[in-house]
2 protein chains.
Amino acid sequence: MPQKSAAPGRLYDNAAVFAALGDATRLRLVARLCENGPQSIVRLTEGGEVSRQAVTKHLRALEHAGLVRSGRSGRERLWEVRTQRLAEARRCLDQISEQWDHALERLRSLVEADSR
Amino acid sequence: MPQKSAAPGRLYDNAAVFAALGDATRLRLVARLCENGPQSIVRLTEGGEVSRQAVTKHLRALEHAGLVRSGRSGRERLWEVRTQRLAEARRCLDQISEQWDHALERLRSLVEADSR
DNA sequence: AAAAAGAGCAACCAGGGGGTTGCTCATAAA
DNA sequence: TTTATGAGCAACCCCCTGGTTGCTCTTTTT
């Protein structure tokens, strides 16, 4: 069994990741970073609806959740996606769905035993 | 450019789903609903850290995001998970990761062409 | 050396979200 | 028919979040 002590505490962490993705602007930022690779703040601001400062704040939020990271290059700072956390989030959803499937199975076997 | 009009609007919808999952209490509720099947509010409140009203509010939030639904049974209301939205959320994450992979490929071929 | 571009910082504001308490309503159990 | 259980509604509170504006700092560019 993978991920033995997937520890209830882990769930909390994933909540933070989902919260970070739970904003349209941030989700768009992540998508853009994935589509076009590492970019500067100004570039990420272009075409968007919010100010540069807002974008900065969102990037910091994403960084806090471990979804992006940045590094300075000359006078600009480049941001890139950290795919690991994304993968973890996916696994979390997978696990939940899996539990649901198990529950369904259990339920079905109960019904069968009942009508037998 | 791939993914022509994958409708930016879709992204927004997923943000709502992630936002719903982006709270530890709600995420736990979803997990419990998946583990133990449809349950009433009082049952979902047991063992938790918050009041029944809080649970109710969270359930409504999840309902708004399309993640759960409910039906009355006698004097109690049973809540169950709607797996469809969960699946959609997963697909959203998959798409994003996929775009990232494509970007990596593009980048790699660029580098190769450059050093050739 | 002067001008412009990219970022960072701080203060401020409005709104929403999570939580609670108190009361009422309806249905099932005694 | 009482009584107790499960749930709904409404008001209220606090604080966090998303967004803005204004200023400063550093690094290019001209």
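Within every chain, numbering begins at 1; the chains are lettered A, B, ... in the order of the sequence lines, protein sequences first and strands thereafter. Because the structure is predicted, anything quoted here is derived from the model rather than measured.
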Using whole Å, what does the distance between atom [atom2] of nucleotide [N] and atom [atom1] of [X] come to?
{"X": "Arg60(A)", "N": "dG19(D)", "atom1": "CZ", "atom2": "C1'", "value": "16 Å"}
{"X": "Leu27(B)", "N": "dG18(C)", "atom1": "CG", "atom2": "C1'", "value": "16 Å"}
{"X": "Arg75(B)", "N": "dT3(D)", "atom1": "CZ", "atom2": "C1'", "value": "11 Å"}
{"X": "Arg77(A)", "N": "dT28(D)", "atom1": "CZ", "atom2": "C1'", "value": "17 Å"}
{"X": "Leu59(B)", "N": "dA7(D)", "atom1": "CG", "atom2": "C1'", "value": "12 Å"}
{"X": "Leu78(B)", "N": "dT27(C)", "atom1": "CG", "atom2": "P", "value": "15 Å"}

Please confirm whether the shortest side-chain N or O distance from [X] to OP1 or OP2 of [N] is below 4.0 Å.
{"X": "Ser40(A)", "N": "dA7(C)", "value": "yes"}
{"X": "Arg72(A)", "N": "dG6(C)", "value": "no"}
{"X": "Thr25(B)", "N": "dG19(C)", "value": "yes"}

Quick note, Glu76(B) side chain, CB onward, closest among dG6(D), dG8(C), dG19(D) is dG6(D)
dG18(C) base to Gln53(B) side chain: any donor-acceptor pair below 3.5 Å?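 A donor-acceptor contact between them is absent.
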Any donor-acceptor pair under 3.5 Å between the side chain of Lys57(B) and the base of dG17(C)? no
If you apply the rule side chain to side chain contact (heavy atoms under 4.5 Å, CB included), what do you find for Leu59(A) with Leu44(A), and how did you get there? CA-CA 10 Å; Leu59(A) 286 173; Leu44(A) 286 170; 4.0 Å; yes
Can you list every side-chain hydrogen bond (donor to acceptor under 3.5 Å, both in side chains) pair that touches residues 61-82 of chain B, not counting sequence neighbours? Arg69(B)-Glu80(B), Ser70(B)-Arg77(B), Arg82(B)-Gln84(B)
Using a cut-off of 4.0 Å on non-hydrogen atoms, how would the nucleic acid contact of Arg43(A) be classed: base, sugar-phosphate, or nothing?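 Here Arg43(A) touches no strand at all.
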Under 4.0 Å, heavy atoms only, any strand: does Arg52(A) hit a base, just the sugar-phosphate, or nothing? base
Quick check: on DNA chain D, is the nucleotide nearest Ile41(B) upstream (toward 5') of the one nearest Ala61(A), or the reverse? Name the residue that is more 5'. Ile41(B)
DNA chain D: Ser51(A) or Val42(B), which has the more 5' nearest nucleotide?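 Residue closer to the 5' terminus by nearest nucleotide: Val42(B).
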Any salt bridge between Arg85(A) and Glu88(A), counting N to O under 4.0 Å?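 Salt bridge flag = yes for Glu88(A) with Arg85(A).
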